[in-house]
Amino acid sequence: MSSADLTLPVRGRGNLVGMLMPAVVGVVIVAIVVAGATTSGFMSFANAKAILASVAVVGILGVGMTAIMISGAFVSLSLGITAAVSAMLFMWTLQYGLVPAIVMTLVCAALVCAIQGVFIGEWGANPIILTIAAGAIQTGVAVGLTEGAMVRPPDNAHEIINSTPFGIPLSIFVLIGFVVIIDCVFKGTFFGRRIFMVGESRPAARAAGMPVGRVMAGAFGIAGVAAGITGILLGSFNQGGSMQLTGTLTFDAIAATLVGGTVVTGGRGAAWRTLIGALAIGVITNILLLRGYSTGIQIMVKGAIVLAAVVLVHVALTGRGKK
Amino acid sequence: MSFAKPGSLTRKGLGQRAKSMGIPLLAVILALVGMYALPLYSDSEATSFNFYNAMQNFAALGLIALGVGLTIIGGEFDISTLGMYTLAGMVAVMAGQDSALIGLLAVLGLAIVVGGVQGLIVAKTGISSMPVTIGGYFLLLGAAGALSGDTTVAYENPDVGATLDREVGGLLSLRSIIALAVFALVAALLRFSRVGRDLRAIGGDRRGALLAGVRVERILVGTFIASAMLAGLGGALLAFSIGAARPDAGLQPLIFAVTAALVGGVTLAGGRGTALGICAGAIALSLLNEIFSILAVSTMISSLVFGGLMLLVVIADAPDLREKVQAARTRRRLASQDESASSAVSEGSSP
């Protein structure tokens, strides 16, 4: 790729990727209309609340996944596991009070992920394999310590997290706040810009003297905080923490990030994109659920969406570049 | 073997080959020592049945290791093998209720489609294979769940499993012999045909290979078809053997496969690795797995050990770490040279 190739058409390519967003929003609206007209139970207040609750969880974890993807480490295949382990940790630490429990959970989750970021950024370890290994270790430790049992909360202090101010789940406010904060970090801080630069080209960032290991650790740290928040919400909602909470979370977070239009190769993306991606995934999952499709079909549809998103974004990015 | 002169290219090649087999063989030897030394650290000892069991495990997971390993040698990474392994078990059981052969053919046909489509996407668009095959993994895993309604499906023909698992020579079964034969076939193909050289070339330097006239697209598509077929064969034979197919095998098979490939001398940067090395890596891990089951170790410990082992090998494989270690070594050597040089100078200057 020549230097002219790198600088000139970026705006044009960005616009093409940007055009995916209206498409995604359009698909969501069409899906809502079609589903509302044909699926019984879709257009109800209770269902809207259910969708929002699942969008919150997938969205927050997806924003963490987005930080990883922008930094050029592609994805973590164990972020859902970290979320489940965080839920267990949160439930266990609740005995020290609500605020200490939240702080401890977030710090631990951030550290667990940041360490993975150091290996990946500093030494160039393969992110997919490293995160799978880290997931196996986390599962081993968590199941070993709890002997596979569900961790129950000591009291009802966590119920405040399940509250619904103005009739909307608290988790939605957390999601919106998290998206705003992370996008501010991405766009408005030195550290955030560095994540994008490392994601655009790691060798170039290294040549420019950037501390790639620390930047990657930071990006994974954001993902860890996201997993921690997800765990706190999930644990509170389910009145306990266990590995079962992992479910298809990792898949959903990856799908939300890709559908939002964050670029798999890194260097481009935004948290608000993932928010919209999570909305799309949430609506589609809900429709499939209401129509009684099996988990298998749901995963299959998400796989097809991921494949389509990967190929479409790639075509949108390179289509202009070739001219 | 040629009678090479000292210092000639062939000699160096032989040395490197010995070096590349060193770690996999060491792993097998360590695992064997662990197996035979069982009475020293536990109340049990290894019987020939345990070796038979280890080879049964090898027959299923070794084949995925070979499939994933081939794609890594080619500079790609096929995560969808995990989905293919799961779906293949389901398809084999459901399509093969009357005849195992039909089930097996259905799996291989499916593998050609799955590998072909993913290979074409990767080869034609140049998208990294990881996001493509993660999408493929979801699709295949979902398809296994959709076919079965998310439940375990039983295979009603126990004769097939009995035939596949009947002991041969105390250590092997028809199933593990099939797996070993497939390994031998792939090893011969990589060693003696152009395909092996081309695969390493596109893994080591894609652009260079293209310039040198390697038909990159064809090799890539072929590799993805091969990895899907290998994973599918492993999954299908396992499902016949245990007489059931599960809708989700978890991440464990992939953890085993990737660790086996890396222990076997494959590097994630691509361009390096042999089928024999992967075979040795897979046998070593199968033996380790069997030691765990003899010791009746909890799944938590084995998950920790296998996860930790995978973490170790992936960190040891990290390219920037190698570079750093090498740079540190060079610095130390230069420093010591400087030191001896300066001490020589000071000695010389002193009267």
Side-chain angles (χ1 to χ4, degrees), chain A residues 69 74-75 77-78 81 116 119-145 147-148 202 206 212-213 248 251 254-255 258 264-265 293-311 313-315 318, chain B residues 77 79-80 83 117-118 121 125-128 130-132 134-151 247-248 251-252 254-255 258-259 262 268-269 298-324:
Chain A
M69 203 174 281
F74 183 31
V75 294
L77 273 189
S78 61
I81 292 176
Q116 300 171 44
F119 288 137
I120 294 164
E122 194 69 26
W123 294 342
N126 180 302
I128 299 289
I129 300 175
L130 191 113
T131 54
I132 292 179
I137 294 173
Q138 288 172 61
T139 309
V141 171
V143 173
L145 290 179
E147 285 162 356
R202 209 183 297 183
R206 191 163 281 146
V212 174
T248 60
F251 299 173
I254 293 173
L258 287 173
V264 271
T265 45
Y293 285 113
S294 64
T295 318
I297 301 264
Q298 291 173 37
I299 299 177
M300 226 174 135
V301 169
K302 282 165 202 164
I305 292 173
V306 166
L307 261 182
V310 167
V311 174
V313 169
H314 181 86
V315 169
T318 52
Chain B
F77 190 102
I79 300 166
S80 76
V117 169
Q118 294 188 118
I121 293 178
T125 65
I127 305 177
S128 154
M130 281 204 230
V132 173
I134 278 208
Y137 164 51
F138 291 2
L139 253 174
L140 298 174
L141 187 67
L147 269 181
S148 64
D150 297 320
T151 54
D248 187 357
L251 287 173
Q252 274 72 30
L254 190 67
I255 293 180
V258 173
T259 313
L262 292 186
L268 287 165
S298 67
T299 44
M300 162 219 138
I301 299 274
S302 69
S303 153
L304 264 181
V305 171
F306 275 100
L309 197 62
M310 190 184 193
L311 194 71
L312 272 183
V313 290
V314 74
I315 290 174
D317 174 86
D320 295 343
L321 177 64
R322 286 184 179 192
E323 216 168 77
K324 276 189 182 138

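Just so you know, these numbers come straight off a predicted model, no measurement behind them.
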Which atoms of [X] are under 4.5 Å from chain A, going by heavy atoms: the side chain, the backbone, both sets, or neither?
X: B/Leu268; answer: side chain
X: B/Phe306; answer: neither
X: B/Val258; answer: side chain
X: B/Ala144; answer: neither
X: B/Pro131; answer: both
X: B/Leu140; answer: neither

query: Has the side chain of A/Lys302 got a donor or acceptor atom that lies under 3.5 Å from a matching backbone atom of B/Gly142?
result: no

What's the shortest heavy-atom distance between [X] and [Y], and which atoms?
X: B/Ser303; Y: A/Ala136; value: OG-O, 3.0 Å
X: A/Trp123; Y: B/Ala318; value: O-CB, 3.0 Å
X: A/Leu307; Y: B/Leu139; value: CD1-CD1, 3.6 Å
X: A/Ala133; Y: B/Leu311; value: CB-N, 3.6 Å
X: B/Gly145; Y: A/Ser294; value: O-OG, 4.3 Å
X: A/Ile299; Y: B/Phe138; value: CG2-O, 3.3 Å

Contact part of [X] toward chain B, heavy-atom cut-off under 4.5 Å: side chain, backbone, both or neither?
X: A/Phe251; result: both
X: A/Val264; result: side chain
X: A/Val141; result: both
X: A/Gln116; result: neither

Who among [options] has the most heavy-atom pairs with chain B under 4.5 Å?
options: A/Gly135, A/Ala125, A/Gly296, A/Ala142; result: A/Gly296
options: A/Val306, A/Val301, A/Ile297, A/Thr295; result: A/Thr295
options: A/Val75, A/Ile120, A/Val143, A/Ile132; result: A/Ile132

To the nearest 0.5 Å, what is the distance between [atom1] ([X]) and [atom2] ([Y])?
X: A/Thr248; Y: B/Leu141; atom1: OG1; atom2: CG; result: 10.5 Å
X: B/Met130; Y: A/Leu77; atom1: CE; atom2: CG; result: 9.5 Å
X: A/Leu130; Y: B/Met310; atom1: CG; atom2: CE; result: 9.0 Å

Does any non-hydrogen side-chain atom of [Y] lie less than 4.5 Å from one of [X]?
X: B/Val313; Y: A/Ile129; result: no
X: B/Thr125; Y: A/Val315; result: no
X: B/Asp317; Y: A/Asn126; result: no

query: Based on non-hydrogen pairs under 4.5 Å, which of B/Ile79, B/Ile134, B/Ile121 is most in contact with chain A?
result: B/Ile134

